[in-house]
Trainee: 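Starting off with a structure, shown below.
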Amino acid sequence: MDREQDMGLNISFTPISLCHSSHNISFLLLLHHLCSLSPNPQPGTEMVMVDEIPFPPQIEKAKPLCLLGHGITDIEIHFLQIKFTAIGVYLDPEIVGHLQQWKNKSGEELAKDDDFFEALISAPGEKFLRIVVIKEIKGSQYGVQLESAVRDRLVDVDQYEEEEEEALEKVVEFFQSKYFKKDSAIAFHFPATSPTAEIVFTAEGKEESKITVENANVVKMIQKWYLGGTRGVSPTTISSLANTLATKLSK
């Protein structure tokens, strides 16, 4: 699929709040070390700026997650760059422990290694994608892009059956009536405890809406759309994630 057909997209975040009792000081130090890679924090703030859009370096879901990669989706037309979305990838820091096979590899090597990203997607651990709109589009457009990307990946591995088709249609319907204004956002939450995904859409002045995707094959291919290595929708996000994980794996 052409990258021009792929795009991606805010959500409210609760900053990490952990009790500073003596028994969890070691965990806090470890979390700080693992999350400290978050590139380009702005002076005097705890935010990481991605194309002028702020991303917190940590969020708290079932457990604290770290911003380990970020980037944008864009296309270039007649030498003019058009940016669509900013992306933040939040992962359980313990996922690094499941990737030791790639220890001491460079970020450039990892970015080209689809087996590495397959292992990242398959690794046990919570994952969260925050996607913020830069350029306004219709929700139906985004839904069609997601549908096409996921369906193509399912067909490639002969997993596109009636159950997958129905699950994907529900996701497309979810986005059908939405309008993605600038700074509105989509969040994809992939819990560690089940092969499901919760999709949440937020926009200023609108009530938060959400849907749960329960088909494991569709859930995996949504992850692959954003985290799928050389086939991922955002090369800048893949490169950022690869460089960050290479640094962590070199420790």
Trainee: Taking the six-membered ring for Trp, are F201 and F180 closer than 6.0 Å centroid to centroid?
Mentor: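 Yes, ring centres under 6.0 Å apart.
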Trainee: How about Y160 and R151: do any of their side-chain heavy atoms sit closer than 4.5 Å?
Mentor: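 A side-chain contact under 4.5 Å exists here.
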Trainee: Identify the two heavy atoms, one from V219 and one from P195, that lie closest to each other, and give their separation to 0.1 Å.
Mentor: CG2-O, 3.7 Å
Trainee: Do K63 and E126 have side chains that approach each other closer than 4.5 Å (heavy atoms only, starting at C-beta)?
Mentor: yes
Trainee: In terms of heavy-atom contacts, does CD of Q100 have more than 12 from other residues, nucleotides or ligands at under 6.0 Å?
Mentor: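 Enclosed.
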Trainee: Within the side chain of S148, is there an N or O that forms a donor-acceptor pair under 3.5 Å with the backbone of Q145?
Mentor: no
Trainee: Partners of F116 by ring pair (Phe, Tyr, Trp, His ring centres under 6.0 Å), sequence neighbours excluded?
Mentor: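 Here the qualifying residues are W102.
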Trainee: With a 6.0 Å cut-off (strictly less than), is the heavy-atom count around CG of N104, excluding the residue itself, greater than 12?
Mentor: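 More than 12 within 6.0 Å, yes.
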Trainee: Suppose we screen for salt bridge (charged side-chain N to carboxylate O under 4.0 Å, His left out). Which residues come up paired with K112, at least two apart in sequence or across chains?
Mentor: E108
Trainee: Write down the atom of A192, the atom of G125, and the distance for their closest heavy-atom approach.
Mentor: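 Taking A192 first and G125 second, the nearest heavy atoms are CB-C, 3.7 Å.
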Trainee: Start with the C-alpha distance between L129 and F190, add both sets of side-chain angles, then the distance that settles side-chain contact (heavy atoms from CB on, under 4.5 Å), and finish with yes or no.
Mentor: CA-CA 9 Å; L129 305 176; F190 306 98; 3.9 Å; yes
Trainee: Would you confirm whether the ring centroid of Y142 sits within less than 6.0 angstrom of the ring centroid of W225?
Mentor: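 They qualify: ring centres under 6.0 Å apart.
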Trainee: I'd like to check the side chain to side chain contact (heavy atoms under 4.5 Å, CB included) partners of S194; sequence neighbours left out, ordered by chain and number.
Mentor: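 With sequence neighbours excluded, S194 shows a side chain to side chain contact (heavy atoms under 4.5 Å, CB included) to P191, T196, given in chain and number order.
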Trainee: Taking everything shown except K170 itself, do over 12 heavy atoms lie less than 6.0 Å from its NZ?
Mentor: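 No, the 6.0 Å shell around NZ holds no more than 12 heavy atoms from other groups.
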Trainee: Would you say L65 and E60 make side-chain contact, with heavy atoms under 4.5 Å?
Mentor: no
Trainee: Does any part of the side chain of V50, heavy atoms only, come nearer than 4.5 Å to the side chain of I87, both counted from C-beta?
Mentor: no
Trainee: Quick one: pull up CG in L110 and CZ in F117 and give me the separation to the nearest 0.5 Å.
Mentor: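 One gets 7.0 Å once the value is rounded to the nearest 0.5 Å.
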Trainee: Please identify each residue that fulfils side chain to side chain contact (heavy atoms under 4.5 Å, CB included) with T230, with sequence neighbours left out.
Mentor: D114
Trainee: Side-chain contact, heavy-atom cut-off 4.5 Å: E46 with Q58?
Mentor: no
Trainee: Within the distance-only criterion (no hydrogens, no angle test), does the side chain of D113 pair as donor or acceptor with the backbone N or O of E109 below 3.5 angstrom?
Mentor: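 Not confirmed, D113 side chain does not pair with E109 backbone.
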Trainee: Do V172 and L146 make a side-chain contact, defined as non-hydrogen atoms from C-beta onward lying under 4.5 Å apart?
Mentor: no
Trainee: Are any non-hydrogen side-chain atoms of Q81 and I72 less than 4.5 angstrom apart?
Mentor: yes
Trainee: Sequence neighbours left out, what passes salt bridge (charged side-chain N to carboxylate O under 4.0 Å, His left out) with E136? Give chain and number order.
Mentor: none
Trainee: Output the distance between atom CD1 (I82) and atom OG1 (T73), rounded to the nearest 0.5 Å.
Mentor: 11.5 Å
Trainee: Heavy-atom count check: over 12 atoms from other residues, nucleotides or ligands less than 6.0 Å from E162 CD?
Mentor: no
Trainee: Please determine whether residues V132 and Y179 belong to a single hydrophobic cluster, defined as Ile, Leu, Val, Met, Phe, Trp and Tyr linked transitively by side-chain heavy-atom distances below 4.5 Å.
Mentor: no
Trainee: Who passes salt bridge (charged side-chain N to carboxylate O under 4.0 Å, His left out) against D115, sequence neighbours left out?
Mentor: none
Trainee: Out of curiosity, S177 OG to K138 NZ, how far, rounded to the nearest 0.5 Å?
Mentor: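 That separation rounds to 13.0 Å.
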Trainee: Side chain to side chain contact (heavy atoms under 4.5 Å, CB included) with A123: which residues, sequence neighbours excluded?
Mentor: I95, H98
Trainee: Taking only Lys NZ, Arg NE, NH1 and NH2, and the carboxylate oxygens of Asp or Glu, determine whether D152 and R231 approach each other closer than 4.0 Å.
Mentor: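 No.
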Trainee: Who pairs with E173 by side chain to side chain contact (heavy atoms under 4.5 Å, CB included), at least two apart in sequence or on another chain?
Mentor: none
Trainee: I'd like to know if the side chain of T236 and the backbone of G71 have a donor-acceptor N/O pair within less than 3.5 Å.
Mentor: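 Side chain of T236 to backbone of G71: no pair is present.
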Trainee: Once you round to the nearest 0.5 Å, how far does CD1 of I59 lie from SG of C66?
Mentor: 9.5 Å
Trainee: Who are the side chain to side chain donor-acceptor pair (under 3.5 Å) partners of K178, not counting sequence neighbours?
Mentor: none
Trainee: List the steps and the verdict of side-chain contact (heavy atoms from CB on, under 4.5 Å) for F84 and V133.
Mentor: CA-CA 6 Å; F84 293 105; V133 178; over 6 Å; no
Trainee: What's the spacing between R153 CZ and K224 NZ if we round to 0.5 Å?
Mentor: 8.5 Å
Trainee: Identify the two heavy atoms, one from S106 and one from A246, that lie closest to each other, and give their separation to 0.1 Å.
Mentor: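 Closest pair (atom of S106, atom of A246, distance): C-CB, 3.8 Å.
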Trainee: Do the side chains of I199 and I121 join up, straight or via other hydrophobic residues, at under 4.5 Å, putting them in one cluster?
Mentor: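 I199 clusters together with I121.
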Trainee: Looking at every heavy atom in both A111 and A242, which two are closest together, and how far apart are they?
Mentor: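 Closest approach of A111 to A242, heavy atoms only: N-CB, 3.6 Å.
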Trainee: So, using side chain to side chain donor-acceptor pair (under 3.5 Å) as the criterion, who are the partners of E164 when residues are at least two apart?
Mentor: N215, N217
Trainee: Output the distance between atom CG (L68) and atom CG (D92), rounded to the nearest 0.5 Å.
Mentor: 9.5 Å
Trainee: Only counting residues at least two apart or in another chain, list the ones meeting side chain to side chain donor-acceptor pair (under 3.5 Å) with K220.
Mentor: E118
Trainee: side-chain contact (heavy atoms from CB on, under 4.5 Å), that's the test. Do L120 and L241 meet it? Break it down for me.
Mentor: CA-CA 11 Å; L120 174 65; L241 192 54; 3.7 Å; yes
Trainee: State whether Y90 and R130 meet the cation-pi test: NZ (Lys) or CZ (Arg) under 6.0 Å from the six-membered ring centroid, and within 45° of the perpendicular axis.
Mentor: no
Trainee: Starting from the C-alpha separation in whole Å, work towards a yes-or-no answer on side-chain contact (heavy atoms from CB on, under 4.5 Å) for S209 and F174.
Mentor: CA-CA 9 Å; S209 56; F174 172 75; 3.8 Å; yes
Trainee: According to side chain to side chain donor-acceptor pair (under 3.5 Å), who are the partners of E204, at least two apart in sequence or on a separate chain?
Mentor: none
Trainee: So that I can tick it off, tell me whether D51 and K83 are bridged by a salt bridge, with the cut-off set at under 4.0 angstrom between side-chain N and carboxylate O.
Mentor: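 Yes.
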Trainee: Would you mind reporting whether V171 and V213 have side-chain heavy atoms less than 4.5 Å apart?
Mentor: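 Yes, their side chains come closer than 4.5 Å.
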